[in-house]
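Everything below concerns the one structure shown next.
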There are 2 protein chains.
Amino acid sequence: MKRLGQEDKETLTTALDHSGQRATPQRETVFGVLLDQRDHPTADEVYARTKSRMPTISMATVYNCLETLVSSGLVKQVNIEREPTRYCPNLAPHAHFHCRETGRVYDVPVPAGTMEKLTDVLPGKYQADSVELVFRGHLAKGNSK
Amino acid sequence: MKRLGQEDKETLTTALDHSGQRATPQRETVFGVLLDQRDHPTADEVYARTKSRMPTISMATVYNCLETLVSSGLVKQVNIEREPTRYCPNLAPHAHFHCRETGRVYDVPVPAGTMEKLTDVLPGKYQADSVELVFRGHLAKGNSK
DNA sequence: AATTTGACTTAGAATTATTCTAATTCATCT
DNA sequence: AGATGAATTAGAATAATTCTAAGTCAAATT
Ligand SMILES: [Mn+2]
Ligand SMILES: [Mn+2]
Ligand SMILES: [Zn+2]
Ligand SMILES: [Zn+2]
């Protein structure tokens with residue numbers, strides 16, 4: 001999918017507008033790249049994919065667009081073990097699985113309320129506004145997809 | 001506490017030996033620094049604290065010692081949001097709380113079996129050998145300790 | 001319609017935590 | 001004592017990200 005659908009474009013414009021920023025071709029393209037292939041790409045990978053759709057874009061702009069998308073709440077950063085930051089447009093609460101063998105990162109859906117309930121382990125003085133859950137291991141073979 | 005107790009020294013020697021490495025004054029001192037102040041220091045902070053006990057130690061050696069301790073299983077790396085790696089000698093399963101205001105990282109004890117039970121959310125193809133749980137937020141005021 | 005404004009984009013330099021290199025030092029073994 | 005190899009060290013190299021400063025562009029104002 002080379003361009004953003006009407007619904008996604010609407011989502012983008014609304015979110016950007018809400019945070020006082022503009023929708024631009026670069027931002028649309030980067031957002032489209034993230035929506036199209038949800039494999040938690042790094043900035044480098046986003047750059048390569050975006051460049052194939054918009055050859056004139058620069059690395060700096062990719063970083064700027066990603067930051068804009070994050071600040072508008074449309075995209076989350078996923079940091080794993082000091083590896084380069086990855087980007088995830090899945091806004092539902094979810095966990096991540098990091099495969100030691102391939103380095104790939106997968107979304108793990110969790111039952112509603114699971115992430116919130118985790119904060120029950122926190123002593124009262126800790127006020128958590130976000131919860132991050134990461135599993136690490138390997139995929140049962142025959143499941144490299 | 002400027003030096004390592006007999007029990008900790010025993011633990012260190014055993015673990016290092018088990019992974020084919022030697023106990024050295026530098027490694028003992030770095031380990032002691034981590035045991036004495038369990039605030040998840042960065043390599044820089046470990047370096048400063050170690051240098052005050054052993055002024056001739058170098059940054060390279062601190063990194064080397066930390067890596068040795070991690071590889072021998074006595075210390076865990078704690079990575080949060082692309083900040084410099086922190087080091088934690090707490091071997092019990094536990095979660096972390098990261099304060100947005102101070103940047104400090106706290107250990108959060110969890111009931112036995114809690115971390116393991118989290119893997120129940122994983123579809124069968126995912127074989128997890130580690131689980132990481134990080135909360136982010138702020139401390140209720142009056143609890144800056 | 002021309003001008004102004006400020007947001008956005010861009011290339012390249014700077015930053016910085018960490019790793020690497022190559023030269024010593026040091027403990028242990030023969 | 002001499003040999004061996006692990007450990008330590010200073011400094012260079014690496015690499016993801018951020019910063020800087022100059023250019024571009026679209027919308028708003030005149
Ligand atoms: Mn990996
Ligand atoms: Mn922080
Ligand atoms: Zn995700
Ligand atoms: Zn800890």
Side-chain angles (χ1 to χ4, degrees), chain A residues 9 12-13 15-33 40-51 53-72 74-87 103 105, chain B residues 9 12-13 15-33 40-51 53-72 74-87 103 105:
Chain A
K9 190 175 260 185
L12 175 65
T13 304
L16 287 177
D17 197 61
H18 186 272
S19 69
Q21 299 177 289
R22 298 180 189 161
T24 66
Q26 287 86 352
R27 289 169 180 175
E28 285 181 17
T29 308
V30 167
F31 189 42
V33 161
H40 304 86
T42 63
D44 257 353
E45 290 163 345
V46 173
Y47 176 54
R49 294 175 195 178
T50 306
K51 212 164 169 52
R53 302 180 186 190
M54 178 181 269
T56 59
I57 201 169
S58 70
M59 189 74 222
T61 298
V62 168
Y63 270 107
N64 289 339
C65 290
L66 290 169
E67 163 58 26
T68 298
L69 293 171
V70 168
S71 74
S72 74
L74 289 173
V75 168
K76 298 271 181 283
Q77 293 186 319
V78 178
N79 290 295
I80 288 179
E81 277 188 350
R82 295 227 28 110
E83 291 182 1
T85 296
R86 297 165 179 278
Y87 296 86
V105 174
Chain B
K9 190 174 259 184
L12 176 65
T13 304
L16 286 177
D17 196 62
H18 187 271
S19 69
Q21 300 178 290
R22 297 179 189 161
T24 67
Q26 288 85 351
R27 288 169 180 174
E28 285 180 18
T29 307
V30 167
F31 190 42
V33 161
H40 304 87
T42 62
D44 257 354
E45 291 163 345
V46 173
Y47 175 55
R49 294 175 195 177
T50 306
K51 211 166 169 52
R53 302 182 186 189
M54 178 182 267
T56 59
I57 201 169
S58 70
M59 189 75 222
T61 299
V62 168
Y63 270 107
N64 288 340
C65 290
L66 289 169
E67 164 58 26
T68 297
L69 294 172
V70 169
S71 75
S72 74
L74 290 174
V75 168
K76 298 272 181 283
Q77 293 186 320
V78 178
N79 291 295
I80 288 179
E81 277 188 349
R82 293 222 38 103
E83 291 183 1
T85 296
R86 298 165 178 279
Y87 295 86
V105 174

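Computation of the quantities below employed the complete heavy-atom set of this structure, encompassing side-chain atoms and omitting hydrogens, waters and symmetry-equivalent molecules. A, B, ... follow the sequence lines: proteins, then strands. Residue 1 opens every chain.
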A:Thr42 and A:Glu83: side chain donor to acceptor below 3.5 Å: no
Side-chain donor-acceptor pair present, B:Gln21, B:Ser71, cut-off under 3.5 Å: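 Side chains of B:Gln21 and B:Ser71: pair found under 3.5 Å.
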Closest-nucleotide ordering on DNA chain C, the 5'-leading residue of B:Arg22 and B:Ala60: B:Ala60
On a heavy-atom basis, which atom in [X] and which in [Y] lie closest, and how many Å separate them?
X        : Y       : answer
A:Gly103 : A:Arg86 : O-NH2, 3.3 Å
B:Glu28  : B:Ala23 : OE2-CB, 4.3 Å
B:His40  : B:Val78 : CD2-CG2, 4.1 Å
A:Tyr47  : A:Ile57 : CE1-O, 3.5 Å
A:Gln77  : A:Tyr87 : NE2-OH, 3.5 Å
B:Arg53  : B:Gly32 : NH1-C, 3.7 Å

Take the protein atom [atom1] of [X] and the nucleotide atom [atom2] of [N], then report the distance between them rounded to whole Å.
X       : N      : atom1 : atom2 : answer
B:Ile57 : D:dA10 : CD1   : P     : 10 Å
B:Glu81 : D:dT18 : CD    : P     : 12 Å
B:Leu12 : D:dA7  : CG    : P     : 12 Å
B:Gln26 : D:dA7  : CD    : C1'   : 8 Å

Contact under 4.0 Å: B:Thr61 side-chain N or O vs D:dT8 OP1/OP2: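 Indeed not, no polar side-chain atom of B:Thr61 lies that close.
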Phosphate-side-chain proximity, B:Arg27 and D:dT8, N/O vs OP1/OP2 below 4.0 Å: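 Yes, B:Arg27 has a side-chain N/O under 4.0 Å of OP1/OP2 on D:dT8.
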Nucleotides 12-17 of chain D: protein proximity per nucleotide (B base, S sugar-phosphate only, - neither; heavy atom, under 4.0 Å): ----SB
For chain B, the stretch of DNA chain C it reaches, first to last nucleotide, under 4.0 Å of its heavy atoms: C:dA17 to C:dT19
Touch class at under 4.0 angstrom, heavy-atom based, for A:Thr56 against every strand present: sugar-phosphate
From CA spacing to verdict: side-chain contact (heavy atoms from CB on, under 4.5 Å), B:Leu74, B:Leu12: CA-CA 8 Å; B:Leu74 290 174; B:Leu12 176 65; 3.6 Å; yes
Earlier contact from the 5' end, DNA chain D, for B:Gln21 and B:Ser58: B:Gln21
